[in-house]
Amino acid sequence: MINVTLPDGAVRELPDGASPMDLAEGISKSLAKKAIIAKVDGREWDLTRPLDGDARVELVTRDQPEALEVIRHDAAHILAQAVQELFPGTQVTIGPAIEDGFYYDFARDEPFSTEDFEAIEKRMAEIVDRDLPFEREVWDRDDAIAHFERIGEKYKAELIRDLPEDEVITIYRQGDWIDLCRGPHLPSTGRIGKSFKLMKVAGAYWRGDHRNAMLQRIYGTAWADDKQLNAHLMRLEEAEKRDHRRVGRAMDLFHMQEEARGQVFWHDKGWTLYRTLENYMRRRLEDAKYEEVKTPSLIDRSLWEKSGHWEKFRENMFTAQTEDGEVLALKPMNCPAHVQIFRSGQKSYRDLPLRMAEFGSCSRYEPSGALHGLMRVRGFVQDDAHIFCLENQIESETASFIELLNSVYADLGFEDFIVKFSDRPDVRSGSDETWDKAEKALKDATEAAGVEMILNPGEGAFYGPKLEFVLRDAIGRDWQCGTLQVDFVLPERLDAEFVGEDNDKHRPVMLHRAILGSFERFIGILIENYAGKFPLWLAPLQVVVATITSEADGYGEEVAATLRKAGLRVKTDFRNEKINYKVREHSVGKVPVIAVVGMKEAENRQVALRFLGEGNKQQEILGLEDAVKQLAESATPPDLKRT
RNA sequence: GCCGGCUUAGCUCAGCUGGUAGAGCACCUGAUUUGUAAUCAGGGGGUCGGGGGUUCGAGUCCCUCAGCCGGCACCA
């Protein structure tokens, strides 16, 4: 007999060789039905896998979030089986559960198309109906390799070969189909249900390496029930409406075109938004004791060679050649230029920390496939700054940077975001000792600031480790916006120095940092976050004064003039149209406030303010002076409200 | 850059197995002076992404280039 301890502390006796399923059935039929997997002493465990002794056992049921991962993983297996049944000769590789779904990578000469999805989904449903038990088997390593080689699954064989020597090779069987897999799985295919849907096909390199073969990845989504599935599909549909490219066109913010790939034509309204954001950032930087500079766009290649960028990023730099053979590069970033300003004249330890900011226009020749609306462009402006400081100032500078970033993000509507810590990459500059020092300094400082971070191994910059502040777009894609990088390398390479207390020359440490990252990307995220319905202070057009009859136009003009005088961005709509028409048009155009003016208002010197909202007509009739006062106040940028 | 898909009016999209292009919205004109999400009537607008080919005939089939979209790779 074995003793099983339940989460509530109760202990149950079960016969030897009993499985978590037996446990569940012993408790209640409905639990046995709802159970997905078990956690045995904290380890994930198949329900049907016999327990190997006394243990703490927890049953994970269908309604728990962890269950979704298992359902999705199972769905990936079923997808692979369906594909192999329908398309013989297709090799399987890997197929994990991911956020909202799963994928499976296949090797096949013929491309899959979304037109194949219907047939594949149908076959998947059949496999669910077959209710095949998932059976876990432990295989000998060499047998497993030989088996997969024999059936022509060279990717699987390679995977097994590369597993650590002591790894237990487990194979999961569903009917006559088997796959190398760590598990766990549901007891049978019937338990998964049919709340899944194939979403898209895409190319993906074997093992994520571009030197390897290109596989075909089929993405799917899977949920515990149809309600969840439909809710997810609905969310996606809603998210699509927030796409910054779509909203940007609809609101006439910007456009892009072939002749200037990866660069933005900012229209009047988009540029107003941009400038509002820039002015806000400028005030925040001034408050935080930064100085602002401006450096050249075209800089001789010799400087890029010194900094190390030429060697590492030459292919991604735009260059220009003069008549006499001089090669210049359009600056892809600002740091070497800032070091030049630091180097001009003498710097003393008394000048440190020196915080040098620039709204720096940068150009990078990004790979064609990487371009993506405003999120990934070739011409962009960073809210860049470099903090030249002493080693013992890294911690306090990191702390105040994180505080500033938090405050800026909160003002712009982002309360939570992910922070990643990226350490030394394989190809890098600087000695291991320098890296040890830089990584420790950044990590300690971040921890001291109380920030939770996710480790992102090997993803640092070539000159130093970095903190990445990641925001999410409407459909869940992550984009790095803010960053903080500790750099002991560039000051050395570019020979930056200051005179210390001891009257000797010393190297400063450089902190590279950005809050928005690039205006382009950040505005893209901002558009999607607000779905174009910006808070009043950011909205490019804040108020439309719309008259009901042309008799009120004179008063309407006066209202508009008064609002403009109070600093608001105002347009008038005196067209010969019904008020319904005007309200609809400006609501669709996401104008935050419509000031409706008819003869009633004109006679009483009032305005009817209608605020952008979900269907419900929120309006307020105010005296002109009160209305102006109220609007001017709510249009005040958050930082100016605080002072 | 790689794999796949897409590209028809300003926008969103129709156009079956090849027989020389349509809708809604937008735009323009006229009428309507209107009270909180679309007033009515009329009108203009497309070398169907570029180039090449097959065919008596190509928006439709084939090749090629470009751009965009979705992933992957890259991201100082």
Side-chain angles (χ1 to χ4, degrees), chain A residues 103 105 111-115 199-219 243 245-246 249-250 252 255-259 261 304 307-317 331-336 362 364-373 375-376 382 384 425 428-429 459-464 466 468 475 477 479-480 483 485 487 490 512 517 521 546-553 574-589 594-601 608-619 621:
Chain A
Y103 67 76
D105 285 350
F112 288 113
S113 110
T114 46
E115 277 153 38
M199 303 298 284
K200 53 198 176 192
V201 264
Y205 296 106
W206 168 234
R207 296 195 148 175
D209 188 328
H210 66 97
R211 289 163 302 194
N212 290 343
M214 175 72 58
L215 306 171
Q216 295 187 67
R217 176 170 298 177
I218 297 181
Y219 283 94
D243 190 308
R245 293 163 295 199
R246 181 169 166 159
R249 185 167 44 231
D252 194 20
H255 89 270
M256 300 172 96
Q257 66 187 52
E258 271 190 54
E259 291 83 351
R261 292 190 68 196
W304 304 109
S307 70
H309 290 94
W310 189 264
E311 189 192 355
K312 185 148 196 318
F313 291 112
R314 199 245 156 295
E315 280 146 35
N316 300 303
M317 287 161 76
K331 71 173 170 186
M333 23 97 73
N334 310 296
C335 15
C362 297
R364 295 178 185 174
Y365 183 69
E366 300 286 9
S368 59
L371 300 179
H372 185 99
M375 305 297 197
R376 190 80 181 268
Q382 293 178 325
D384 200 5
R428 59 180 181 265
S429 233
E459 299 292 322
F462 76 88
Y463 49 69
K466 67 176 178 180
E468 297 176 43
I475 67 164
R477 286 177 293 218
W479 299 94
Q480 181 199 306
T483 183
Q485 303 163 12
D487 180 5
L490 277 186
H512 306 239
R521 174 175 296 180
T547 47
I548 292 171
T549 79
S550 51
E551 276 179 280
D553 288 359
F574 296 163
R575 288 175 302 173
N576 179 10
E577 293 290 351
K578 291 192 172 179
I579 194 63
N580 285 307
Y581 181 89
K582 297 184 183 182
V583 164
R584 178 184 151 80
E585 188 171 288
H586 299 115
S587 299
V588 169
I594 303 174
V596 178
V597 171
M599 284 320 285
K600 240 189 303 181
E601 286 74 18
L609 298 183
R610 190 187 203 281
F611 300 95
L612 187 60
E614 287 304 309
N616 58 335
K617 20 183 158 171
Q618 325 170 359
Q619 80 153 348
I621 298 178

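Within every chain, numbering begins at 1; the chains are lettered A, B, ... in the order of the sequence lines, protein sequences first and strands thereafter. Values below: every heavy atom of this structure, side chains too, minus hydrogens, waters and symmetry copies.
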Looking for any heavy atom pair under 4.0 Å, which part of the strands does [X] touch: base, sugar-phosphate only, or nothing?
X        : result
A:Phe313 : base
A:Glu468 : nothing
A:Pro367 : base
A:Ala461 : sugar-phosphate
A:Tyr219 : sugar-phosphate
A:Ala204 : sugar-phosphate
A:Ala250 : nothing
A:Lys582 : nothing
A:Lys200 : sugar-phosphate
A:Arg245 : sugar-phosphate
A:Arg477 : sugar-phosphate
A:Gly208 : sugar-phosphate
A:Lys466 : sugar-phosphate
A:Arg364 : base

State whether the distance check finds a donor on one side and an acceptor on the other, under 3.5 Å, for side chain [X] versus base [N].
X        : N     : value
A:Arg376 : B:C74 : yes
A:Tyr365 : B:G1  : no
A:Glu551 : B:U33 : no
A:Glu601 : B:G35 : yes

Applying the Watson-Crick and G-U wobble criteria at under 3.5 Å, what pairs with B:A9? Answer none if nothing qualifies.
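Checking every strand shown, B:A9 finds no partner, since no pair has both distances under 3.5 Å.
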
Using a cut-off of less than 4.0 Å, is there contact between a side-chain N or O of [X] and OP1 or OP2 of [N]?
X        : N     : answer
A:Tyr581 : B:G35 : no
A:His372 : B:C68 : no
A:Arg261 : B:A66 : no

By ring-ring contact (aromatic ring centres under 6.0 Å, His included), A:Trp479 pairs with (sequence neighbours left out) A:His372

Rounded distance in Å between the [atom1] positions of [N] and [M]:
N     : M     : atom1 : result
B:C61 : B:G46 : C1'   : 23 Å
B:G10 : B:C6  : P     : 23 Å
B:G18 : B:C56 : P     : 15 Å
B:U36 : B:G44 : C1'   : 33 Å
B:G49 : B:U60 : P     : 8 Å
B:C69 : B:U12 : C1'   : 16 Å

Q) Where does the angle between the aromatic ring planes of A:Tyr463 and A:His512 fall among parallel (under 30°), tilted (30 to 60°) and perpendicular (over 60°)? A)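 A:Tyr463 and A:His512: parallel rings.
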
task = Taking only Lys NZ, Arg NE, NH1 and NH2, and the carboxylate oxygens of Asp or Glu, determine whether A:Asp209 and A:Arg207 approach each other closer than 4.0 Å.
result = no

Test log, rule side chain to side chain contact (heavy atoms under 4.5 Å, CB included), inputs A:Tyr103 and A:Met199:
CA-CA 9 Å; A:Tyr103 67 76; A:Met199 303 298 284; over 6 Å; no

Intermediate values then yes/no, side chain to side chain contact (heavy atoms under 4.5 Å, CB included), A:Glu585 and A:Arg575: CA-CA 12 Å; A:Glu585 188 171 288; A:Arg575 288 175 302 173; 2.9 Å; yes

Going 5' to 3' through nucleotides 43-52 of chain B and flagging B where a protein heavy-atom sits under 4.0 Å of the base, S where only the sugar-phosphate is that close, and - otherwise, we get ----------

